[in-house]
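This is a predicted model, so every value here is computed, not measured. In what follows, chains are A, B, ... by sequence order, proteins preceding strands, each numbered from 1. Scope of the values below: all heavy atoms of this structure, side chains included, with no hydrogens, waters or symmetry mates.
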Amino acid sequence: MRKRSRGLTSEYGRREKRPTTAAIKKFQEMIYGYYRNHKRILPWRNIQNPYHILVSEIMLQQTQVQRVAGKYEQFISKFPDFSALAGAPLKMVLKEWQGLGYNRRAIVLKQIAREVTERFGGDLPSSVETLETFPGIGRATASAIAAFAFQKPVVFIETNIRRVFIHVFFHDKIDIKDTEILPFIEKTLDTSNPRDWYYALMDYGVMLKKGHENPNRRSAHYQKQSPFPGSNRQVRGMILKMLTNESSLSEQKILQKLAICPEKLRDNLLQLEKEGFVKRKWRQFTIA
DNA sequence: GTCCGGTTTA
DNA sequence: TAAACAGGAC
């Protein structure tokens, strides 16, 4: 006779390592139970267009759902498919990106669109491995696309998923590494419907933000970021906002409007030039 | 480990 | 004010 099966965590059995099928079932039913009553209705859910999914996933990197929701549909209508985005001027793409932050994503999205049209005949690849070869697509984004656009039973972690598993399975632990969490994600994955399963996990993770301390603070990967006011990020954002609203500007003109020290402006313009945001021609700066 | 946006919420 | 955000690149 088989040994007594063991639970996933203290909630399902003390000091146990391997999950029982019953424990897995119980966890899945809790997550799906919450999902039935509290699912978020979002414009990039329950759709099949891989381009739309890609745009949403790039936008959602480190960016709140509500903010993406306000930009996503106009972006899609402005650039309806890979070839439209690939052929659009960067200036127009950056204009539609205004307010989302991390403007490099606008560049990489355009680059991805170009590569998809040129190397893949306009079809976004479906494997995590290939998706990860694109700029701006790492493991999390590649996996999300595979799950949401192609119903692939991939195992991955992002901030909402991480919060769920830390809260439920690592209740009294600190410095939890993602490599410790991933086996739990794998064991509990609903392989019959990974797309809905990950929707449900994420919605549950959003709920866990309210009412108590963020469980993700017990993640080994948690770190708070440097202040925004006075940062290069702020300067870069202001420069790009100006340049998307003008045909071209001199360094002097930008300096007048920003009122920062000249060295800081020079460094940022050089950096933006290097990253492909702006071009310099006859001492005038324009969007590249 | 650090940098990269900009907004909302507590 | 701080904190957090469907991360990725270097």
Contact list please: residues 136-158 of chain A against DNA chain C, heavy atoms, distance less than 4.0 Å, in numerical order. A:G136, A:I137, A:G138, A:R139, A:A140, A:T141, A:E158
Given A:F170 and A:I181, is the side-chain contact (heavy atoms from CB on, under 4.5 Å) satisfied, shown in steps? CA-CA 9 Å; A:F170 297 85; A:I181 300 176; 4.0 Å; yes
Hey, do the aromatic rings of A:F27 and A:F184 have their centres closer than 6.0 Å? no
Taking for each residue the nucleotide of DNA chain C with the nearest heavy atom, is it A:L60 or A:F134 whose nucleotide lies nearer the 5' end? A:L60
Given the rule in the ring pair (Phe, Tyr, Trp, His ring centres under 6.0 Å) test, do A:Y204 and A:Y34 qualify, once you have shown the distances and angles that lead to the verdict? CA-CA 7 Å; A:Y204 197 84; A:Y34 177 83; 5.3 Å; yes
Taking C:dC10 as the reference, what is the distance to B:dG5 when you measure between their P atoms (whole Å, please)? 14 Å
In whole angstrom, give me the gap between the P atoms of C:dA6 and B:dT9. 12 Å
Just call it for [X]: base, sugar-phosphate, or nothing, with non-hydrogen atoms closer than 4.0 Å on any strand.
X: A:Y199; value: nothing
X: A:R163; value: sugar-phosphate
X: A:R162; value: nothing
X: A:W97; value: nothing
X: A:P227; value: nothing

Is the backbone N or O of A:P215 less than 3.5 Å from a side-chain atom of A:R163, with the two atoms forming a donor-acceptor pair by type? no
Judged by modelled atom types alone, do [X] and [Y] share a side-chain donor-acceptor pair under 3.5 Å?
X: A:S231; Y: A:R236; answer: no
X: A:T133; Y: A:T130; answer: no
X: A:E57; Y: A:Q61; answer: no

Using chain A heavy atoms and a threshold of under 4.0 Å, write down where along DNA chain C the contacts begin and end, 5' to 3'. C:dA3 to C:dA9
Can you see whether A:Y35 has A:K39 sitting over its ring - NZ or CZ less than 6.0 Å from the centre and within 45° of the normal? yes
Step by step, would you call A:W44 with A:F148 a ring pair (Phe, Tyr, Trp, His ring centres under 6.0 Å)? CA-CA 9 Å; A:W44 51 84; A:F148 296 146; over 10 Å; no
Sugar-phosphate or base contact per nucleotide [nucleotides 1-10 of chain B; S, B, -; heavy atom under 4.0 Å]: -B-BBBS---
Just do the ring pair (Phe, Tyr, Trp, His ring centres under 6.0 Å) check on A:Y51 and A:F79 with the steps written out, would you? CA-CA 10 Å; A:Y51 171 70; A:F79 314 110; 8.8 Å; no
Can A:K95 and A:N245 be said to form a side-chain hydrogen bond (donor to acceptor under 3.5 Å, both in side chains), step by step? CA-CA 8 Å; A:K95 212 173 178 64; A:N245 289 317; 2.6 Å; yes
